Amino acid sequence: MGKKEKEQAFVEHITPRDVDFSQWYTDVILKTDLVDYAPVRGCMVIKPYGYGIWELIQQEMDGRFKATGHKNVYFPMLIPESLLLKEAEHVEGFAPEVAWVTQGGTETLTERLAIRPTSETLFCSMYAKWVQSWRDLPMKYNQWCSVMRWEKSTRPFLRTSEFLWQEGHTVHATAEEAQEETLQMLDVYREFSENVLCIPVFVGRKSDKEKFAGARATYSMEAMMQDGKALQAGTSHNFGTNFAEAYNIQYLSKDGVLTYVHETSWGTSTRMIGAVIMTHGDERGLRLPPKIAPIQAVILPIAAHKPGVTEKAQELFESLKGAGIRVELDDRDTVSAGWKFNEWEMKGVPVRLELGPRDIENGVVTCMRRDTLEKITLPLEGLAGALKNLLGDIGRTLYEQAKAFKEARTYVAHDMDELTKGVQDGFVKAAWCGERACEDQIKEKTNASSRNMPFDQSDLPSDVCVCCGKPAKHIMYFAKAY
RNA sequence: CGGGGUGUAGCGCAGCUCGGUAGCGCACGUGCUUUGGGAGCAUGGGGUCGCAGGUUCGAAUCCUGUCACCCCGACCA
C-alpha cells in the first residue's frame with residue numbers, strides 16, 4: 001500500500017463525519033462493538049464493551065449520590081393504570097408513549113398495567129404511606145433501572161424503546177429545601193459531565209413548553225454534539241407540591257399542621273454514552289474519556305516471536321494491573337500489529353503501549369495517546385505513575401478540546417436572521433420575551449427549540465425579544481436538538 | 001406517524017429488468033512463510049435469499065401482505 005492508501009485505510013470501515021454524521025455515529029457504535037440491534041422493535045443489546053462504560057458511569061455517579069445523602073431502592077416496573085392517572089399533566093405528557101400489559105398468563109387483566117416510562121407515580125404512592133411526620137423528612141431515594149417509552153423513531157443510546165437510567169426521587173418539608181435539592185443534583189450532573197465524561201454543558205432552566213410533564217420547574221444540562229446539535233444529557237425537576245396534592249403526600253409539621261411535601265426528581269440515562277461518542281469521536285472512531293474507558297491502556301507486544309518479548313509484556317501487564325490501571329494485553333498472533341493499532345484506536349482506548357525488542361533493550365515503552373495521536377517514549381521504571389498522570393492529562397485535553405468547540409459554535413443572535421443562521425451548526429444565545437408564541441414560531445421557522453436559560457442572566461444580548469421585538473425577559477439558548 | 005431507501009453466508013455486496021435450483025470480496029478453519037501502522041500463498045467450511053401467502057411445471061427474481069432496520073421530517077431523555 002502507498003502512503004496515501006494507508007491514510008485512507010484508517011477510515012475504511014467508518015463513514016467520514018463530514019460526509020454523513022448520522023452514518024458515522026451508527027458505524028462507530030456497531031463497529032466498536034458497543035451495541036447490537038435486538039430482535040425487538042426499537043431496542044438494542046448493550047454488549048460487554050458498551051456495558052463496561054455504563055458500569056463505570058454508574059460507579060462514578062452512584063458515589064456522588066451517596067455522598068449527597070441518597071440511598072438506593074428498587075421499585076416495580078409495572079404501574080396500575082389508576083395510579084398513573086392521578087396527576088393530569090403527567091398523564092397527558094406520557095400517555096402517548098406508554099406500553100401496556102393487558103394480559104397475565106391466560107387471564108385478561110381487569111386493570112391495565114403500564115410498563116414504567118418513569119416512576120414518579122409509584123414513588124408518590126409509597127411516599128404517601130411512608131411520610132407521617134416532619135421527622136421523616138427529607139426522604140432521598142434513587143433507583144437504577146430501565147424504563148420504556150414507545151418512541152416513534154429510535155437510535156441506539158440516543159432514543160431506544162427501553163433504556164437504562166437512574167431516577168432520583170426526593171421529598172422535603174419546605175420549598176427551599178426542594179429547590180436546593182433540585183439545583184444540587186443538577187450541579188452533581190454538571191460536575192460529573194465535565195470531570196468524568198469530559199463534556200462541557202449548558203446548565204439552566206427549561207421553558208414552560210419544554211419542562212417535564214407535571215413539574216413546576218425543570219432544569220437541564222445540554223451538551224453540544226459535533227454537528228452543532230443539542231443533546232439533553234440530564235434533567236432535574238422541582239415538582240413543588242404538585243404531585244403531593246395529587247397523591248396526598250402530607251406530613252404533620254412541628255407546629256401540628258398537616259402540610260404537603262415538596263418533591264423533586266432527577267435523571268440521567270445511557271444517552272450519556274451517545275453524548276460521549278458524538279462529543280469526542282473522530283475519523284478513527286471513539287475517543288473514550290479515561291475515567292469511563294473499560295480499557296485505559298492496551299499493551300501490544302511487537303515481534304512477539306523474538307525471545308523475551310512475551311514475558312516482558314506479561315510482566316508489564318501484571319504490574320500495571322496491580323497498580324489499579326484497567327489494562328489489556330493484546331497478545332493475539334492472528335492479526336498484525338498494524339491491525340491492532342487501528343482496532344484499538346477505533347475502540348477509543350486512551351493509551352496504547354507498544355513493547356518490542358528495541359523498547360526492552362532501552363528499558364522503555366513506546367506510548368501513543370489517543371486524544372492527540374502523539375507518540376512518546378516512557379521509561380518502564382515507574383510507568384504506572386506516569387501512566388496515571390497521562391490518563392489525567394488525556395481527560396483534561398478531551399475536555400478542553402470539547403470546550404473550545406462548544407465556545408466556537410455558540411453564537412449570539414440579535415435578530416431572526418442571525419438566529420436562523422446560528423442554529424444551522426450550533427447553539428444560539430438570544431434575548432427572549434418569555435412567550436410560548438415566540439418559542440413556537442422559532443421552532444416552526446428554524447426547527448430549533450429552546451434549550452435552557454442560564455442562571456447568570458446578567459448579559460442580555462438585547463433589550464428586545466429576538467423574535468417579536470417586545471421587551472426581553474430572559475437569556476435563552478436555542479438549538480436543534482436530538 | 002408522513003416521505004425516501006434497504007433486507008441474499010458473520011460483514012459488505014452482485015444476481016431480480018427478461019423466473020430455470022446462488023455467487024464475489026472481506027472475515028472464519030487448517031498448514032507454511034510473515035510480524036515496529038490494516039501481511040502472503042495454499043486449502044477448506046458456511047446461505048430454507050427477512051417472514052407469510054399467492055401465481056407457476058419451476059420463485060432470490062413476478063404479485064399481495066407483513067416485520068425489521070437506515071436516512072429526512074413531526075413527537076420525546
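Bear in mind that the values here come from a model prediction, so they are computed numbers and not experimental data. Residue numbering restarts at 1 for every chain, and letters A, B, ... go by the order of the sequence lines.
Place A/Ala337 and A/Ser22 on RNA chain B by their nearest nucleotides, and A/Ala337 ends up nearer the 5' end. Both A/Asp333 and A/Ser336 sit near RNA chain B, but only A/Asp333 has its closest nucleotide nearer the 5' end.
Counting atom types as modelled, A/Glu345 pairs no side-chain N or O with a base atom of B/G38 as donor and acceptor under 3.5 Å. In the interface, the side chain of A/Arg149 is not paired with the base of B/C76 through any donor and acceptor atom under 3.5 Å apart.
Nucleotide B/G58 is matched to nothing when pairs are restricted to Watson-Crick or G-U wobble geometry with both distances under 3.5 angstrom. In this structure, B/U34 makes no Watson-Crick or G-U wobble pair, since no nucleotide meets both defining distances under 3.5 angstrom. The partner of B/U21 is absent, by the rule that a Watson-Crick or G-U pair needs both atom distances under 3.5 Å. Under the Watson-Crick or G-U wobble criterion, with both distances below 3.5 Å, B/G53 is paired with B/C63. Across all strands shown, B/G44 forms a Watson-Crick or G-U wobble pair, both distances under 3.5 Å, with B/C28. Under the Watson-Crick or G-U wobble criterion, with both distances below 3.5 Å, B/A14 has no partner in any strand shown.
The side chain of A/Trp339 has B/G38 as its nearest neighbour among B/C70, B/U35, B/G38. Listed nucleotides: B/C70, B/C75, B/A68. Nearest to the side chain of A/Arg41: B/A68. For A/Glu343, whose side chain is taken as the heavy atoms from C-beta onward, the closest listed nucleotide among B/C76, B/G37, B/G38 is B/G38. Set against B/G36, B/C71, B/G37, the side chain of A/Phe341 has B/G37 as its closest nucleotide. In this structure, of B/C1, B/G36, B/C76, it is B/G36 that holds the atom nearest to the side chain of A/Thr366. When the nucleotides B/A77, B/G36, B/G73 are ranked by their closest atom to the side chain of A/Gln232, B/A77 comes out on top. When the nucleotides B/C70, B/C1, B/A77 are ranked by their closest atom to the side chain of A/Thr26, B/C70 comes out on top. Minimum atom distance to the side chain of A/Arg358 is reached by B/G36, of the listed B/A74, B/G36, B/G37. Picking from B/A77, B/G36, B/G37 the nucleotide with the shortest atom distance to the side chain of A/Thr160 gives B/A77. In the set B/G36, B/G37, B/C71, B/C71 carries the atom at the smallest distance from any side-chain atom of A/Arg155.
Aromatic ring centroids of A/Trp54 and A/Trp144 lie under 6.0 Å apart. For A/Tyr141 and A/Phe123, the ring centers sit 6.0 Å or farther from each other. Checked against the 6.0 Å centroid criterion, the rings of A/Phe478 and A/Phe427 do not qualify as a close aromatic pair. Two rings, from A/Trp266 and A/Phe65, have their centers less than 6.0 Å apart.
Among the protein residues, A/Met368 comes within range of the nucleic acid bases, having at least one heavy atom under 4.0 Å from a base atom. Within 4.0 Å (heavy atoms only), A/Pro357 reaches at least one base atom of the nucleic acid. Across all strands shown, A/Gly42 has heavy atoms under 4.0 Å from sugar-phosphate atoms exclusively, and none from any base. Across all strands, A/Glu151 comes closer than 4.0 Å to base atoms (heavy-atom distances). Using a 4.0 Å heavy-atom cutoff across all strands shown, A/Leu231 reaches no nucleic acid atom at all. Residue A/Thr118 is out of contact with every strand shown, counting any heavy-atom pair closer than 4.0 Å. A/Tyr482 comes within 4.0 angstrom of a base, heavy atoms only. In this structure, A/Lys375 reaches the bases: a heavy-atom distance under 4.0 Å links it to at least one base atom across the strands shown.
When the C1' atom is compared between B/C16 and B/A22, the two are found 13 Å apart, to the nearest whole Å. Annotation: B/G15 and B/G23 have their C1' atoms spaced 8 Å apart (nearest Å). Nucleotides B/U55 and B/C71, compared at atom P, are 39 Å apart to the nearest Å. B/U33 and B/U6 are spaced 48 Å apart, taking the P atom of each and rounding to whole Å. Look at the C1' atom in both B/A60 and B/C1: the space between them is 32 Å, to the nearest Å. Taking atom P on both B/C72 and B/G36, the two are 40 Å apart, rounded to the nearest angstrom. Of the C1' atoms belonging to B/G3 and B/U64, the separation is 23 Å, rounded to the nearest Å. If you take atom C1' in B/A59 and the same atom in B/C32, they sit 46 Å apart, rounded to whole Å.
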What do the steps show when you test A/Tyr219 against A/Thr182 for side chain to side chain contact (heavy atoms under 4.5 Å, CB included), and what is the final call? CA-CA 8 Å; A/Tyr219 301 84; A/Thr182 307; 3.6 Å; yes

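The nearest whole Å value for the distance from the NZ atom in A/Lys31 to the P atom in B/G12 is 7 Å. Rounded to an integer number of Å, the gap from A/Asp330 CG to B/G37 P is 15 Å. The CD atom of A/Glu210 sits 7 Å away from the P atom of B/C76 (whole-angstrom rounding). As a whole-Å value, the separation of A/Glu162 CD from B/A77 C1' is 14 Å. Atom CE of A/Met61 and atom C1' of B/A77 are 13 Å apart (whole Å). Look at CG on A/Leu30: it is 9 Å from P on B/G12, rounded to the nearest Å. Taking atom CD on A/Glu354 and atom C1' on B/G38, their separation rounds to 14 Å, with Å as the unit. Here the P atom of nucleotide B/C76 and the NE2 atom of A/His90 are 15 Å apart, to the nearest Å.
OP1 or OP2 of B/C70 has at least one side-chain nitrogen or oxygen of A/Tyr37 nearer than 4.0 Å. Within the 4.0 Å cut-off from OP1 or OP2 of B/A74, at least one side-chain nitrogen or oxygen of A/Asn447 is found. Considering only side-chain N and O atoms, A/Arg352 lies nowhere under 4.0 angstrom from the phosphate OP1 or OP2 of B/G37.
In this model, no donor atom of one side chain and acceptor atom of the other lie less than 3.5 Å apart for A/Lys71 and A/Gln143.
Side chain of A/Glu439 to main chain of A/Glu435: no donor-acceptor pair is present (N/O by atom type, distance under 3.5 Å, no hydrogens or angles). The main-chain N or O of A/Glu89 is found under 3.5 Å from a side-chain atom of A/Glu87 such that the two form a donor-acceptor pair. Of the possible polar contacts, none joining the A/Glu263 side chain to the A/Thr170 backbone as a donor-acceptor pair under 3.5 Å is found.
Within a 6.0 Å sphere centred on CD of A/Gln424, other residues, nucleotides and ligands contribute more than 12 heavy atoms.
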